[in-house]
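Every chain is numbered from 1 and lettered A, B, ... according to where its sequence line falls, protein lines coming before strand lines. Quick note: numbers below take in every heavy atom, side chains included, and nothing from hydrogens, waters or symmetry partners.
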There are 2 protein chains.
Amino acid sequence: MDYNPLRPFVEKLASRVELTPADTEALLKMRFSTREMRPGSYFIRERQRPTASSLLIAGVAMRSKLTSEGARQIVGLHLPGDSLDLQQLYLDEADHNIQALTTITLIEVARGDLQSVADKHPNVLKAITIDNVIEASIEREWLLNVGRRIGRARLAHFLCEFAVRLAIKSHVPDQTAIALPLTQEQIGDAVALTPVHVNRMLKELEAEGLITRTKNSIVIVEWKAMASAADFNPSYLHLNQKKQRVTA
Amino acid sequence: MDYNPLRPFVEKLASRVELTPADTEALLKMRFSTREMRPGSYFIRERQRPTASSLLIAGVAMRSKLTSEGARQIVGLHLPGDSLDLQQLYLDEADHNIQALTTITLIEVARGDLQSVADKHPNVLKAITIDNVIEASIEREWLLNVGRRIGRARLAHFLCEFAVRLAIKSHVPDQTAIALPLTQEQIGDAVALTPVHVNRMLKELEAEGLITRTKNSIVIVEWKAMASAADFNPSYLHLNQKKQRVTA
DNA sequence: CGTAGTCTTGAACTCACTCAACGATAGTGG
DNA sequence: CCACTATCGTTGAGTGAGTTCAAGACTACG
């Protein structure tokens with residue numbers, strides 16, 4: 001078979017659940033489009049009706065919510081290889097925004113198309129479900145992080161998670177250099193701190209020798225000390241989650 | 001057909017997705033047990049392997065996570081009619097605790113049994129998925145609440161949500177009297193405030209005439225003012241989510 | 001009726017915020 | 001190529017929302 005740009009999408013799902021040839025075939029037959037989006041542009045806005053599902057191929061995206069006073073909370077980040085809105089595949093109305101942080105490229109399929117594949121192929125639906133549940137687990141850890149850790153640990157935790165998730169995607173097991181495409185204000189929106197305080201905590205972590213910083217990247221120098229300062233335990237990422245075998 | 005204690009479970013799922021007679025029959029054939037649990041007892045603990053799924057019939061339960069220093073963050077509450085761990089149906093390892101707050105009764109089915117029904121009945125899986133996604137939406141709102149609202153609004157938001165969810169379950173559209181089975185310390189763990197501050201904010205809301213308090217219950221006297229103080233917009237609860245029709 | 005848990009209140013403290021100014025950097029247009 | 005502008009990062013000083021500590025009051029329950 002020729003190369004099909006939907007392959008990464010299929011592989012993403014196949015990493016969660018073993019897919020049958022029929023499953024794979026149905027997925028690869030979906031109409032799709034490859035799209036590029038500029039930083040800041042919205043994939044979907046709160047209260048809108050979701051119309052598309054997609055897989056992030058390159059770049060970084062974020063989910064966010066706003067208070068009525070305009071304060072923003074980033075509720076999730078997405079790296080290449082992450083699905084962008086399987087969360088909302090069956091919801092009538094989006095409950096949060098999804099927005100490009102950097103320039104991103106994504107493969108997009110129509111919501112209805114993916115729904116009908118999922119209807120006929122339970123393995124696909126199961127893969128989507130598992131993906132959703134793991135994202136929910138990450139959101140819960142963020143809630144714990146924001147609610148119950150002090151600024152320094154909170155920021156450190158954010159950096160540890162980003163480093164680990166990045167390492168997985170790039171198949172480099174011990175990557176500690178993070179290309180961080182977030183401004184300090186955006187980091188603050190993720191960990192619920194002001195940009196000023198983010199700046200101070202970053203400098204503190206640097207002064208303690210846990211990280212070093214250059215223009216747009218951070219290197220975690222002392223991983224153990226950093227993970228300890230962050231109270232970081234990656235089990236919530238469910239990295240060891242076993243692939244579901246086909247039952248029938 | 002005789003009355004089957006699994007009925008509420010089926011109805012719960014059927015409220016999300018239209019089920020076929022075959023779906024219903026398969027669900028009703030599952031082995032189940034009815035269980036009662038005392039306040040504080042664990043339904044599941046973090047890092048454990050989930051073995052059962054259940055529906056909460058009576059009482060209130062909570063999900064929580066702990067930092068290594070022992071600080072607790074409650075990441076979700078469950079009222080009668082809520083499912084207790086469909087979240088973890090496909091996860092190898094629990095990422096949070098689920099614990100009874102009051103004495104609770106629940107209908108429990110074996111994880112494997114529900115999985116095999118879901119495998120063969122896509123509508124069931126879809127219903128579970130929708131349930132999971134709505135819970136995730138609530139968790140995101142909590143993250144916004146804890147991260148970006150001040151104590152008074154944060155607490156008010158918590159109370160508004162509890163009142164609305166309670167009202168739905170009891171089919172009383174405008175219920176504002178809340179039987180709150182949480183200590184102020186537990187409320188604090190939900191909204192990430194100290195019990196002392198929870199106490200002060202409750203008294204402040206009372207002094208402003210937004211709520212009145214008696215022993216174990218709170219009445220929201222001025223709903224509009226309260227919702228406004230809370231920055232509460234219930235759209236994240238997805239109450240108007242339409243039931244999914246069978247596609248055939 | 002005593003004990004344990006919860007609620008309440010006060011006082012001191014502190015982590016993080018606000019406000020404000022300045023510096024660095026990158027992109028833009030003339 | 002340089003000046004202009006906007007955005008981002010950095011730093012200081014003052015402030016405040018929420019915490020900590022501590023003690024007393026209330027309530028439920030054996």
Rounded to whole Å, please give me the gap between [atom1] in [X] and [atom2] in [N].
X	N	atom1	atom2	answer
B:Ile218	C:dC7	CD1	P	10 Å
B:Asn216	D:dA28	CG	P	8 Å
B:Gln186	C:dT6	CD	P	7 Å
A:Leu180	D:dC8	CG	C1'	14 Å

Verify whether one side chain among A:Asn199 and A:Gln184 offers a donor that lies under 3.5 Å from an acceptor in the other.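 Yes, because at least one side-chain N or O of A:Asn199 sits under 3.5 Å from a partner of the opposite role on A:Gln184.
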Basic-acidic side-chain contact under 4.0 Å: A:Lys12, A:Asp131: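 Salt bridge present between A:Lys12 and A:Asp131.
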Ion pair A:Arg111/A:Asp85, N-O distance below 4.0 Å: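 The answer is no: the pair does not qualify as a salt bridge.
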Step-by-step side chain to side chain donor-acceptor pair (under 3.5 Å) determination, B:Arg63 to B:His78: CA-CA 8 Å; B:Arg63 301 169 183 273; B:His78 293 293; 2.6 Å; yes
Any non-hydrogen side-chain atom of B:Asn145 less than 4.5 Å from a side-chain atom of B:Asp231?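 With C-beta onward as the side chain, the pair stays apart.
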B:Ile211 versus B:Leu202: any side-chain heavy-atom pair under 4.5 Å?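 A side-chain contact exists here, since the closest heavy-atom pair is under 4.5 Å.
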Minimum-distance pair of heavy atoms, taken over all atoms of B:Ala136 and A:Glu139: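 Heavy atoms only, the tightest pair is O-OE1, 3.8 Å.
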Please state whether the phosphate of [N], meaning OP1 or OP2, lies under 4.0 angstrom from any side-chain nitrogen or oxygen of [X].
X	N	value
A:Asn199	D:dG9	no
A:Lys215	C:dA24	no
A:Gln184	D:dT7	no

Positions of residues 58-78 of chain A (non-hydrogen atom under 4.0 Å from DNA chain C), listed by number: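 Residues of residues 58-78 of chain A that come under 4.0 Å of DNA chain C do not exist, since none gets that close.
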Close N/O contacts between protein and nucleotides 15-17 of chain C (under 3.5 Å):
residue : atom : partner  : partner atom : Å
C:dA16  : OP1  : A:Gly151 : N            : 2.6
C:dA16  : OP2  : A:His197 : NE2          : 3.4
C:dA16  : O5'  : A:His197 : NE2          : 3.4
C:dC17  : OP1  : A:Thr194 : N            : 3.2
C:dC17  : OP2  : A:Thr194 : N            : 3.1
C:dC17  : OP2  : A:Thr194 : OG1          : 2.8

In terms of ring plane angle, is the pair B:Tyr236 and B:His157 parallel, tilted or perpendicular, where the classes change at 30° and 60°?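 Rings of B:Tyr236 and B:His157: parallel, under 30°.
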